[in-house]
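Below: the structure, in C-alpha cells.
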Amino acid sequence: MTRPCRIHILPGCVFRQSGPAVVGVRVEAGLLKTDVPLIKLDGGKAGTTKSLQLEGETIQQAEKGKEVAVAIPGVIVGRQIKEDDILLSDLTEKEFIKYKQLKRYLKKDEIEVLKEIAELKRKEEPMWGV
C-alpha cells in the first residue's frame with residue numbers, strides 16, 4: 001500500500017529538470033518511499049518517485065524531517081512541478097478506506113495527510129472514500 005506523505009520541493013534544489021527530474025525535497029509528514037505516485041495540491045498528477053538518495057547513498061524510504069533527492073520520471077520541473085511545490089502521495093480509494101480502518105496504527109502527521117488527500121479527491125468526487 002502507498003504510505004501517506006507530504007513533501008516540499010526545496011527552492012534552489014533542482015538538480016535535473018527532466019529525464020527524470022531530480023529535485024531536493026523535505027518530507028513534511030508521513031513516510032516517502034520509492035514507487036509512490038504523487039499529486040499536486042490542485043489535484044494534478046506529479047509523476048511517481050523512482051529513487052531516493054541521501055548524501056549520495058540510495059535509500060528505500062525517508063521519514064518526516066529528512067531532506068533527500070528524489071528522481072521523478074515523466075515530469076518537467078517548471079511545467080508540471082515547480083520549486084516550492086507541495087506534493088502528496090496519490091492514494092487509491094481502496095487504500096484510503098483501508099487506512100481509515102487502521103487509523104490507530106498511523107502517526108498523527110499521517111492522519112493529517114490522509115485528511116488533505118480526502119479533501120482534494122472530494123473536490124472532484126464528493127463521495128470519494130466514504
Side-chain angles (χ1 to χ4, degrees):
M1 281 179 35
T2 302
R3 293 292 297 262
C5 74
R6 180 187 328 109
I7 60 174
H8 175 222
I9 299 176
L10 299 170
C13 291
V14 175
F15 305 112
R16 190 182 315 145
Q17 288 188 306
S18 64
V22 179
V23 294
V25 302
R26 178 182 305 114
V27 181
E28 292 189 338
L31 184 70
L32 178 65
K33 292 184 166 190
T34 56
D35 298 318
V36 172
L38 300 169
I39 54 172
K40 298 184 287 185
L41 292 179
D42 65 5
K45 301 281 184 204
T48 301
T49 60
K50 180 181 173 190
S51 65
L52 308 174
Q53 281 196 351
L54 178 63
E55 298 171 2
E57 297 289 321
T58 300
I59 58 174
Q60 295 303 310
Q61 61 186 34
E63 52 278 339
K64 180 181 176 181
K66 289 271 198 267
E67 292 184 357
V68 297
V70 180
I72 309 171
V75 296
I76 299 172
V77 178
R79 290 193 181 165
Q80 290 92 348
I81 60 173
K82 296 175 176 46
E83 289 185 15
D84 233 13
D85 274 359
I86 302 291
L87 304 176
L88 304 170
S89 52
D90 188 9
L91 302 180
T92 65
E93 192 170 7
K94 260 186 186 170
E95 289 172 327
F96 178 78
I97 291 168
K98 192 75 170 167
Y99 278 123
K100 275 176 42 177
Q101 295 166 352
L102 301 171
K103 195 159 78 171
R104 65 184 172 274
Y105 299 109
L106 296 174
K107 295 177 185 160
K108 189 176 179 183
D109 60 316
E110 290 177 312
I111 293 169
E112 291 301 315
V113 173
L114 284 175
K115 289 178 185 174
E116 277 185 76
I117 293 168
E119 282 177 33
L120 256 180
K121 299 283 190 172
R122 288 177 183 154
K123 286 179 184 175
E124 291 176 24
E125 190 183 326
M127 295 305 289
W128 189 88
V130 176

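Residues: numbered from 1 along the sequence shown. All of these numbers come straight from a predicted model, not from anything done at the bench.
Contact record, Phe96 with Ala118: CZ-CB, 3.6 Å, taken as the closest heavy-atom pair. Residues Leu32 and Cys5 approach most closely at CD1-SG, 3.8 Å, considering heavy atoms. Closest approach of Ala69 to Phe15, counting heavy atoms only: CB-CE1, 4.3 Å. Taking each heavy atom of Trp128 and Leu91 in turn, the nearest pair found is CZ2-O, 3.7 Å. Across all non-hydrogen atoms, the minimal contact from Gln101 to Arg104 is O-NH1, 3.8 Å. Here the shortest heavy-atom pairing between Val75 and Gly47 reads CG1-N, 3.8 Å.
With rounding to the nearest 0.5 angstrom, the CZ atom of Arg122 is 11.0 Å from the CG atom of Leu120. Remark: Leu41 CG to Ile117 CD1 distance equals 10.5 Å, nearest 0.5 Å. Rounding to the nearest 0.5 Å gives a distance of 12.0 Å between NZ of Lys98 and OG1 of Thr92. The line from CD of Gln60 to CG of Leu52 is 7.5 Å long, rounded to the nearest 0.5 Å. To the nearest 0.5 Å, atoms OG (Ser89) and CG (Leu114) are separated by 7.5 Å.
Thr49 contributes a side-chain N or O that, together with a main-chain N or O of Lys33, makes up a donor-acceptor pair within less than 3.5 Å. Listed for the Gln17 side chain is no donor-acceptor partner under 3.5 Å among the backbone atoms of Ile76. Remark: the backbone N or O of Gly129 is paired with a side-chain donor or acceptor of Lys100 at under 3.5 angstrom.
Residues Val14 and Ile81 fall within the same hydrophobic cluster, defined by Ile, Leu, Val, Met, Phe, Trp and Tyr side chains chained together at heavy-atom separations under 4.5 Å. Under the 4.5 Å side-chain contact rule for hydrophobic residues, Val27 and Val36 share a cluster. Val70 and Val22 are members of different hydrophobic clusters when ILVMFWY side chains are connected at heavy-atom separations under 4.5 Å. Residues Leu31 and Ile111 do not share a hydrophobic cluster, defined by chaining ILVMFWY side chains whose heavy atoms lie under 4.5 Å apart. Under the 4.5 Å side-chain heavy-atom criterion for Ile, Leu, Val, Met, Phe, Trp and Tyr, Val68 and Ile9 are members of the same hydrophobic cluster.
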* Check against side chain to side chain contact (heavy atoms under 4.5 Å, CB included), Val23 and Leu10 -> CA-CA 8 Å; Val23 294; Leu10 299 170; over 6 Å; no
* Asked: side chain to side chain contact (heavy atoms under 4.5 Å, CB included) between Lys40 and Leu87: does it pass, once the steps are laid out?
  -> CA-CA 5 Å; Lys40 298 184 287 185; Leu87 304 176; 3.7 Å; yes
* Check against side chain to side chain contact (heavy atoms under 4.5 Å, CB included), Ile72 and Val77 -> CA-CA 10 Å; Ile72 309 171; Val77 178; over 6 Å; no
* Please lay out, stage by stage, how Asp90 and Thr2 fare under the test side chain to side chain contact (heavy atoms under 4.5 Å, CB included). => CA-CA 8 Å; Asp90 188 9; Thr2 302; over 6 Å; no
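Within 6.0 Å of the NZ atom in Lys82, the count of heavy atoms belonging to other residues, nucleotides or ligands exceeds 12.
Applying the salt bridge (Lys or Arg N to Asp or Glu O under 4.0 Å) definition to pairs two or more places apart or across chains, those involving residues 50-71 are Arg26-Glu67, Glu63-Lys66. Listed by first then second residue, pairs satisfying salt bridge (Lys or Arg N to Asp or Glu O under 4.0 Å) with a partner in residues 109-118 read Arg3-Glu110, Arg6-Glu116, Glu112-Lys115, not counting sequence neighbours.
Side-chain contact check for Glu28 versus Ile86: some heavy-atom pair is nearer than 4.5 Å.
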